[in-house]
Amino acid sequence: MENFTPLPALAGGLLIGGAVSLLLLLNGRLAGASGILAGLVSPQRGDTTWRALFVVGLVIGTSGWLALTGSAPPRFDSGWPMIVLGGLLTGVGTRIGAGCTSGHGVCGIARLAPRSLVATGVFMAAGMATVFVARHLVGG
């Protein structure tokens with residue numbers, strides 16, 4: 001509980017909810033980060049500007065928050081090969097699961113989409129199992 005920060009978490013949740021709502025209302029698109037990135041990798045005519053702005057906003061928003069709060073950026077002790085492998089596995093998983101935590105967990109649950117409810121449950125169970133194995137069986 002030492003890292004429990006309810007007010008910043010609430011503020012972040014409100015910002016995420018507001019941002020995905022605006023994207024849906026103004027652009028008719030769901031804010032699934034993996035789908036947005038996939039659309040930049042294999043672009044379709046007239047569909048890249050908003051995607052690029054979304055990704056730039058993620059980078060600027062994160063950088064701005066770190067600068068504004070004086071927070072240290074996240075530290076990764078695994079090294080670049082493991083980070084790249086994790087990113088690639090995440091990308092494969094989002095393709096198999098037809099979406100990511102932002103698409104299913106934020107937008108899909110808000111729309112009460114049955115497959116998003118199931119997918120988010122699977123994400124959460126897999127995350128809990130991973131933490132259990134890493135902390136208690138592997139000894140991380």
Can I get a per-line list of side-chain donor-acceptor pairs under 3.5 Å for residues 116-127, giving both atom names and the distance, sequence neighbours left out?
from, atom 1, to, atom 2, distance (Å)
Ser116, OG, His104, ND1, 2.8
Thr120, OG1, Ser116, O, 2.8

Without placing hydrogens or testing angles, list every side-chain donor-acceptor pair under 3.5 Å for residues 19-43, not counting sequence neighbours.
from, atom 1, to, atom 2, distance (Å)
Ser21, OG, Gly17, O, 2.8
Arg29, NH2, Asp47, OD1, 3.1
Ser42, OG, Ala38, O, 3.3

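- Between Met82 and Leu85, some side-chain heavy-atom pair lies under the 4.5 Å cut-off.
- Atom CD1 in Ile109 sits 10.5 Å away from atom OG1 in Thr101 (nearest 0.5 Å).
- Across every non-hydrogen atom of Gly103 and Cys107, the tightest pair is O-CB, 3.3 Å.
- The aromatic rings of Phe132 and His136 lie tilted to each other, with the angle between the two planes from 30° to 60°.
- Smallest separation of non-hydrogen atoms from Pro8 and Thr5: CD-O, 3.4 Å.
- The closest side-chain heavy-atom distance from Val92 to Leu88 is not below 4.5 Å.
- Nearest heavy atom pair, residue Thr94 against residue Cys100, reads CG2-CB, 3.6 Å.
- One distance of note links CH2 of Trp65 with CG of Leu15; it measures 8.5 Å at 0.5 Å rounding.
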